[in-house]
There are 2 protein chains.
Amino acid sequence: MDKGFFKELFQEKRLRISHPRFLIYQELSSSEVPLSPRELYENLRRKKRRVGLTSIYRSLDLFESLGMAFKISKGSSVKYKSCKLKNHHHHIVCQSCGRVVEFECNDLTEWSKWVSESTGYKVTDHRVHFLGVCKTCTLSLP
Amino acid sequence: MDKGFFKELFQEKRLRISHPRFLIYQELSSSEVPLSPRELYENLRRKKRRVGLTSIYRSLDLFESLGMAFKISKGSSVKYKSCKLKNHHHHIVCQSCGRVVEFECNDLTEWSKWVSESTGYKVTDHRVHFLGVCKTCTLSLP
DNA sequence: CTGTATGCAAAGCATTTGCATAATA
DNA sequence: TATTATGCAAATGCTTTGCATACAG
């Protein structure tokens with residue numbers, strides 16, 4: 001959990017480092033697996049840290065828009081994972097346990113150029129994620 | 001709209017080609033832009049084709065699982081776009097009007113291998129989408 | 001005929017909103 | 001002190017479920 005990063009970014013954006021926000025960030029970054037708003041709420045509650053569910057929704061939105069968290073929608077469930085890498089990166093999600101790992105982005109300029117040419121779109125950004133099975137699950141499964 | 005493709009695929013999977021399913025598929029494939037379940041419902045209603053909203057949800061799920069449609073979750077809104085390309089492909093979404101275009105997948109074996117090595121995951125699949133601005137929007141916007 | 005798929009109404013939930021209160025800078 | 005963020009409760013609205021009915025194969 002990188003408190004410095006949190007403070008710096010928030011001060012730069014003129015956002016307040018409130019107690020609830022910090023608790024939510026802390027809880028999220030301490031988890032190996034992605035968490036839903038409700039799970040985050042329950043976890044904090046269990047630790048006697050009462051934070052409103054509404055605030056959790058608001059904070060998660062904020063974190064995502066700041067690139068501090070990765071939002072995973074699978075079916076109708078929504079979960080978030082905090083990001084450790086600061087610059088542009090992507091994720092691989094374990095299909096079995098849901099564990100997420102970040103990795104740096106490849107150079108996609110060539111591909112982007114090709115997409116742009118073949119579709120007529122101006123390319124501004126891209127989202128990539130891989131699906132797979134993590135080491136633990138590979139070992140424990142048949 | 002490729003009726004043959006629809007029939008073939010459904011027969012192969014032992015799925016019934018019901019009237020509502022076909023109407024939904026038809027309506028979805030005739031749209032340039034992605035549609036939400038509700039929009040699809042309204043469109044059909046307007047054409048005096050009454051299909052239950054529930055069936056629309058069920059059909060869209062089905063289409064997606066068969067790779068016939070692409071599901072786009074943006075914030076809390078969910079939309080679907082029918083796919084014309086039959087094999088593995090990706091999408092680029094216009095940030096301004098939402099229009100989606102498909103393009104064939106690049107060869108990602110090298111990248112996959114690298115991801116696998118650096119994360120320890122066995123890579124099974126990947127999702128890519130580009131974001132951009134379509135030709136029409138580029139021209140009509142400043 | 002024999003399952004499957006549909007459609008309705010109802011239930012179930014996740015998410016959002018309004019607003020008074022509390023906390024930050 | 002001037003905003004900004006919080007938290008509650010209520011409202012909203014999407015999505016799912018149960019079940020009798022219709023329908024494709």
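Side chains included, hydrogens not; waters and symmetry mates left out as well; all remaining heavy atoms used. None of the values given here were measured: they were computed from a predicted structure. Below, read A as the first sequence line, B as the second, and so on, with proteins coming before strands; counting in each chain starts at 1.
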Atom pair NZ (K122(A)) and OG (S112(A)), whose distance is rounded to the nearest 0.5 Å
13.0 Å
Return the value, rounded to whole Å, for the distance between atom [atom1] of [X] and atom [atom2] of [N].
X      : N       : atom1 : atom2 : answer
I17(B) : dT6(C)  : CD1   : C1'   : 16 Å
L62(A) : dT4(D)  : CG    : C1'   : 12 Å
E39(A) : dA14(C) : CD    : P     : 11 Å
R50(A) : dA5(D)  : CZ    : P     : 24 Å
Y41(A) : dC13(C) : OH    : P     : 16 Å
L53(A) : dA5(D)  : CG    : C1'   : 16 Å
Y25(A) : dA5(D)  : OH    : P     : 18 Å
L60(B) : dT6(C)  : CG    : P     : 12 Å

Which residue lies more 5' along DNA chain D, comparing H19(A) with L15(B) via nearest heavy atoms
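Looking at the nearest nucleotide for each, H19(A) comes out on the 5' side.
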Are OP1 or OP2 of dA14(C) and a side-chain N or O of R38(A) less than 4.0 angstrom apart?
yes
Is there a side-chain contact between H88(A) and D125(A), using heavy atoms and a 4.5 Å cut-off?
yes
Which residue, Q11(A) or S55(B), contacts DNA chain C at a nucleotide closer to its 5' end, judged by nearest heavy atom?
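By nearest-heavy-atom nucleotide position, the 5'-most residue is S55(B).
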Going by modelled atom types, is there a donor-acceptor pair between the base of dG7(C) and the side chain of R58(B) at under 3.5 Å?
yes
If you check every side-chain atom of R16(A), which of dT24(C), dG7(D), dT6(D) has the closest atom?
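From the listed options, dT24(C) comes nearest.
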Choosing from dT6(C), dT15(C), dA25(C), which nucleotide comes nearest the side chain of S18(B)?
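Nearest to the side chain of S18(B) among the choices is dT6(C).
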Applying a 4.0 Å non-hydrogen cut-off, can you work out what T54(A) is touching in the nucleic acid: base, sugar-phosphate, or nothing?
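The answer is base, as T54(A) lies within the cut-off (heavy atoms under 4.0 Å) of a base atom.
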Distance-minimising heavy-atom pair for V51(A) and L23(A):
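So the two residues come closest at CG2-CD1, 4.0 Å.
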Which heavy-atom pair separates S116(A) from Y121(A) by the least distance, and what is that distance?
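Smallest heavy-atom distance, with atoms named: OG-O, 2.7 Å.
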Taking NZ, NE, NH1 and NH2 as the nitrogens, is one of them in E42(A) or R46(A) under 4.0 Å from a carboxylate oxygen of the other?
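No, no charged N to carboxylate O under 4.0 Å.
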